[in-house]
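Values below: every heavy atom of this structure, side chains too, minus hydrogens, waters and symmetry copies. Chain letters run A, B, ... following the sequence lines, proteins first, then strands; residues in each count from 1.
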Amino acid sequence: MLYINCPHCGMRSQNEFSYGGDASVKRPELNKEVSDQEWDNFVYNRKSLRGKHLELWQHISGCRQWIKVERDTATHEIFRTFKADEEVA
Amino acid sequence: MTQAFRIENGGLINKDKKLSFKFNGKTYLGYEGDTLASALLANGVHLVGRSFKYHRPRGFFGAGVDEPYAVVQLYRNGETEPNIKATEQELFEGLEAKSVNCWPSVNFDIGAINNFLRIFLPAGFYYKTFMWPKSFWYRIYEPFIRKAAGLGVASTKHDKERYEHKYEYCDLLIAGSGPSGLAGAYAAAKNGAKVILAEDKPRFGGSLLTSDVTIGNQSGKDWAEGIIAELKTMPNVVVKNRSQIFGYYDHNMLVMSEKVSDHLPSTKKYHPNKRLWYIRAKEVLISSGSIERPIVFGNNDTPGVMLSSAAKEYLKVYGVLVGRKPLVFTNNDSGYETAIEFKKHGVDPVVLDSRKNPESEIIDEAKNLGINIKNSYVVVAAQGYKKVKSADIASISEDKKLLGKIENIQCDCICVSGFWTPTIHLASQSGNKTKFKEEIDAFVPGQSKQNEITLGAASGVFSLEETLKTSFTVGSELSKKITENDNKIAIPNVVEKKSSQHDKFWCVPLPKGKNYKRFLDFQNDVAVSDVEIALREGYRSIEHVKRYTTLGMATDQGKTSNLNGLQLVSEIENKVVPAVGHTTFRPPYTPVSIGAIVGREVGKHSKPTRKSPMHSWHEKNNAVFVDAGVWLRPRYYKRGNENLFEGSKREAKNVRTNVGVCDVTTLGKIDIKGPDAAELLNRVYTNAWLKLPVGKARYGVMLREDGIVMDDGTTTRISENHYHMTTTTAQAANVLSHLEYYLQLVWPELNVNVVSTTEQWAGAAIAGPKSRDLLQKLFPNSDVSNEGLPFMGYMEGDLFGVKARIYRISFSGELAYEVNVESDYGNFMWEKIIEVGEEFNIQPYGTEALSTLRIEMGHVAGSELDGRTIPFDNALEGLVSKKKDFIGKRSLQRSAFIAEDRQRIVGVVPLDKQTSIPEGSHLVKDDKAPLPNPKLGHISASCWSVEYDNPFSLAILKDGKNMIGQKLFAMSPLKNKVIPVEIVSSHYVDPKGERVRS
Ligand SMILES: [Zn+2]
């Protein structure tokens, strides 16, 4: 079970969180023309990286905040965690 | 029954307390402190089972967790449990056990015929022999294998025992209470660290219980007892025996199974049987020790052949002689320690040492005691069927290839020592990259991945002095980092005998003309010849060899067999062992009871149960409940002998003719506040929300980004910047997360807050032509006329002193209202509605009637919004705005979603107006078409229409728009039904929707 540092609450076990997928995906702006390809990339196409991956988790049984977690998908090592509005440098 | 093999003095058992037990129906005596294994051996019982494949007689091979043979079926307090290791099961008064793997009995076993039909059972025998003819598998092979070669029988009764889960955090978790574990724990505890020390055996001390060493003027055993006693007094230390750490998971989470009650005749009141500990540790010290490995020789599975360390443990801990004419076969000094113990108790052992001229303190001591030692000698084969009677022995050449003349020597047990294998399972599970250590011919932990350090024998260090020094230091330093205390501890003096280099020898060659079975894996009956076959047939990867031969795949996970298997592969393949590599170690280290893993989450505790505030009223009024997610909802209120069909029909009819009331508390409710609330709704829902006036409700549909309908419900504008959203019962949690996702990540600029209020409001739907009359009586001071409270209107009211929210919304298609009060007043509201409604012939209605009412009206619910449909499919395209953008809109342009013949909701009526159509039935054009019959659609929901008094269903049908009036067949192979049907409009009742506006 992973041990995730919620930037709002501190270290908590994985069973308090739910997974939200790739955090690098950006939703196309509203009312903007979007090509089929762009939209498919947003809705369906994911890289499924092996290695360092920025992903979303929601602290569902805690503060209910969506957070970003930088995690290695192969080793499960967590490098850093960020608040939703924090810039990932 | 006498305990003929129990020595007069010695052992750590309590000889003042005799215990009686039964094995295979026969009664024996043992002592408190015995294991089932030691007690049986004390009574001279060596035959305990049959092997898995060849059903050869099997005895005891070890004395603990590594035991591959002595797996029994245990009976305790009216319950039975399979797969119990006799070497781990502590004796208690009245214990009963039986052999497994034998049919009909351990002494006469039909499966043993396999032993003579070996030609059928070499490596891969399951794949080769039992694959064809295919039809034989279920009828003949499998039942035979199951009966003849099971590993015990699981109980079919409900398990009365309780199992608990516990979550713990600590600074240092220490796995194993041998010398390194004790030293590490003690040093860390002295620095004030929070320490958990776990020992799988009942007694603490590990190897110190059996080794002949002195630590600071005390025997090793006394020193261990002193340390444990002191640790137990410290408030920062938890010391647990009978507790096996079996899994090392991510981020230093380890799981431990504590056997709380298995050593007692029955579990004490309020005690669990087992307790599973989830422990998050800052640092982990792995002090799991090592397991002696066997030397491979002919018939090395005969009862009476066992590890030399096990023989020593039976003698020193349990006071039991495993034989009176022991033969010790060793390639290192450990065998001598066992021989010395025998000699001290008046038994004359013979030692065969594969080494030519070994010299050490231990060997000198053996010589001084006059022990018969034969150097450059090996056991070629054990003789005897159900018990060792003698051994064929021979001298061996220095290159270990040539055997001398074979002699036969009388003996009643053969104690084998092929040196030691560090127990690296936990380290390996943690992600540690293990490395091969040439000096000890075994793998040891390498670079740590997580915060773990392996100490002592588990790290391949067998010197006590070095082990203690390192472990005290590591314990001090790790704890110092955490607590910043630095209490120096004097490292005690150690007196131990120096030992000499072991012999890199592990397998005795076959003598000319002999074809003895030489076993590598004792539990799964994998012999040297099996591995040879696998390699000959082209298997190369050790993982493949393992699966083909089943080497190391039994419940003992190859604790005694893995390394010898690797040695063999490396020898045949002409590779070094590290190049062959070892198979992956996976949790659990040793079998864990399913009950312990499940814990208390069984039966009604497997998920929470949510009840509405009106639940007790429903109960008192004969509600029959149904699970709606985790909620319990009334399905119908039973009157007399009514069944579900009759009861729900009565309730639905009463709604259509009079008035009914339904508990709708379970609907998800979300409070939405903020100046941008309308903008959020406008983006989340498919229809327009910016112009909804205060005091009005609106029905909305929300999509996922892929265009699929996510949920529907009404949202009401309570005040300028305040909205009340309702969701379906099932999607309540998902919708809240969905809103939070967009507010926090996608559109953080929106000034809106959302919070779940599902549990804050109790809800009652009042539906039927007389609902307004009832409402007026409930709220005499409010104007609830069609003008005062029009369809989709909202107002607040006073319900006999309780503040209420009144929404004019309808799911039933009738004139209807929904009243909400704060949850604590839910029951009050409900009773008032029933009381005041009496004159209007009110009846409560459950979910079944609720379904009937909505199906007749063609209103969609979860069975249509099933994660596969878009708004068009549900005839909701009128709610999809063409002007504004919203979540999922772009996806609606996908070609499949705008196809001319797109699926769409329709109504379905059986031609005979009699036969109900099972939900899930497929709609097909031709009921006689060859399979697979092309499916045009499926029945999503069925009811008995109370309006027309005949069956009616909803279906999602391909090209549904153009199918009205068509005749099709509804087929349910599951229910064996073929029903001719006609497709009609999904709006079966009141298609113009006049009633809700009346
Ligand atoms: Zn949090």
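Taking the side chain as every heavy atom from C-beta outward, M253(B) and Q14(A) never approach each other to under 4.5 Å. Contact annotation: the side chain of Q58(A) never approaches that of Y741(B) to less than 4.5 Å [non-hydrogen atoms, C-beta and beyond].
Interface check for chain B: of the options D36(A), N31(A), L2(A), T75(A), the most heavy-atom pairs under 4.5 Å are formed by L2(A).
Atom NZ of K607(B) has more than 12 heavy atoms from other residues, nucleotides or ligands within 6.0 Å. Few gaps surround CG on D22(A); more than 12 heavy atoms of other groups in view lie less than 6.0 Å from it. Environment of CG in L690(B): crowded, with over 12 heavy atoms of neighbouring residues, nucleotides or ligands closer than 6.0 Å. Summarising the local packing, CD of E749(B) is surrounded by more than 12 heavy atoms from other residues, nucleotides or ligands at distances under 6.0 Å. Within 6.0 Å of the NZ atom in K83(A), the count of heavy atoms belonging to other residues, nucleotides or ligands does not exceed 12.
Closest non-hydrogen pair, F886(B) versus L30(A), comes out as N-CD2, 4.4 Å. Shown here for R27(A) and I887(B), the closest heavy-atom pair between the two residues is NH2-CA, 3.8 Å. When all heavy atoms of W66(A) and S737(B) are compared, the pair lying nearest together is NE1-O, 3.5 Å.
Of the inter-residue distances, the one linking R890(B) atom CZ with W39(A) atom CH2 reads 7.5 Å to the nearest 0.5 angstrom. Distance check, rounded to the nearest 0.5 Å: CG of N15(A) to OH of Y278(B) gives 9.0 Å. To the nearest 0.5 Å, atoms CG (L745(B)) and CD1 (I67(A)) are separated by 10.5 Å. A distance of 11.0 Å separates CG in D885(B) from CD in E29(A), rounded to the nearest 0.5 Å. With rounding to the nearest 0.5 angstrom, the NE2 atom of H59(A) is 12.5 Å from the CD atom of E740(B). To the nearest 0.5 Å, the span separating CD on Q744(B) from CD on Q65(A) amounts to 4.0 Å.
Residue S18(A): no heavy atom, backbone or side chain, is found under 4.5 Å from chain B. For chain B, no part of D40(A) is nearby; none of its heavy atoms comes within less than 4.5 Å. Contact of R280(B) with chain A is made through the side chain alone, with heavy-atom distances under 4.5 Å. Contacts between K889(B) and chain A at a heavy-atom distance below 4.5 Å are absent for every atom of the residue. For chain B, the nearby part of V43(A) is the side chain; its heavy atoms alone come within less than 4.5 Å.
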| request: Apply side-chain contact (heavy atoms from CB on, under 4.5 Å) to the pair I78(A) and H251(B), showing each step before the final yes or no. | output: CA-CA 9 Å; I78(A) 291 176; H251(B) 300 179; 3.5 Å; yes
